[in-house]
Amino acid sequence: MNRSRKAARYGSLAEKWAAKRYGLVIERDSWHDARKDERPGDVKAAMNSRDATRFRLWEDQHRRLRREDGFYVFVLYKPVGRGIDVLRSRTVAARSVRVRFGGAGNHPKGNQFKLPPREVFGGG
């Protein structure tokens with residue numbers, strides 16, 4: 001399985017975990033993954049590794065989540081066998097996430113911001 005397929009698989013596992021943990025209804029469309037109490041939300045998963053671990057946020061999606069009083073669920077995990085072990089998680093209102101979007105090359109999702117876990121969970 002290539003890296004992209006693994007990332008998609010782990011992301012899907014993180015979404016299922018977050019839905020159970022936070023009482024979300026999975027509702028995938030082009031700009032969000034779930035809803036809770038009629039509010040749209042997006043689950044952002046990142047594998048904890050020695051490399052530069054980051055949550056990737058997309059500009060258009062972020063603007064819409066802010067406009068519609070949406071939220072993020074950040075899930076930091078490590079792979080274990082064919083599953084994941086969630087190390088930390090947190091829900092955050094999209095309006096409280098401050099980002100500086102930059103180019104993503106010619107990525108179809110547009111501009112992105114790579115958010116380090118320490119900015120979500122605190123710590124050094």
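In this text, all values refer to a predicted model and were calculated from it rather than measured experimentally. Quick note: residue numbers are just sequence positions, from 1.
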Check whether the side chains of Y22 and S89 place a donor and an acceptor atom closer than 3.5 Å, and report yes or no. yes
Can Q61 and H32 be counted as having a side-chain donor-acceptor contact under 3.5 angstrom? no
Given side-chain contact (heavy atoms from CB on, under 4.5 Å), test L76 with F121 step by step and report yes or no. CA-CA 10 Å; L76 184 66; F121 303 116; 4.0 Å; yes
Any W31 side-chain heavy atom under 4.5 Å of E68 side chain: yes
Could you report the tightest heavy-atom contact between [X] and [Y], atom names first, then the distance?
{"X": "G83", "Y": "L13", "value": "CA-CD1, 3.9 Å"}
{"X": "R95", "Y": "D69", "value": "NH1-OD1, 2.6 Å"}
{"X": "Y10", "Y": "I84", "value": "CD2-CG2, 3.6 Å"}
{"X": "G11", "Y": "A45", "value": "CA-CB, 4.4 Å"}
{"X": "A94", "Y": "L65", "value": "CB-CB, 3.7 Å"}
{"X": "P117", "Y": "T53", "value": "CD-O, 3.2 Å"}

Under 3.5 Å: donor-acceptor pair, side chain of R9, backbone of R82: yes
Do [X] and [Y] belong to the same hydrophobic cluster, where Ile, Leu, Val, Met, Phe, Trp and Tyr are linked whenever their side-chain heavy atoms lie under 4.5 Å apart, directly or via other members?
{"X": "V92", "Y": "V99", "value": "yes"}
{"X": "V73", "Y": "M47", "value": "yes"}
{"X": "V43", "Y": "L57", "value": "no"}
{"X": "V75", "Y": "V120", "value": "no"}

Please determine which of F113, Y72, F74 meets the ring-ring contact (aromatic ring centres under 6.0 Å, His included) test together with F55. F74
Strictly below 4.0 Å, N to O, side chains only: are R28 and D33 in salt-bridge contact? no
So does R98 pair up with E119, basic N to acidic O under 4.0 Å? no
Between F101 and H62, is the ring centre distance below 6.0 Å? yes
Applying side-chain contact (heavy atoms from CB on, under 4.5 Å) to F71 and K36, what does each step give before you reach the verdict? CA-CA 9 Å; F71 61 92; K36 181 168 183 171; 4.1 Å; yes
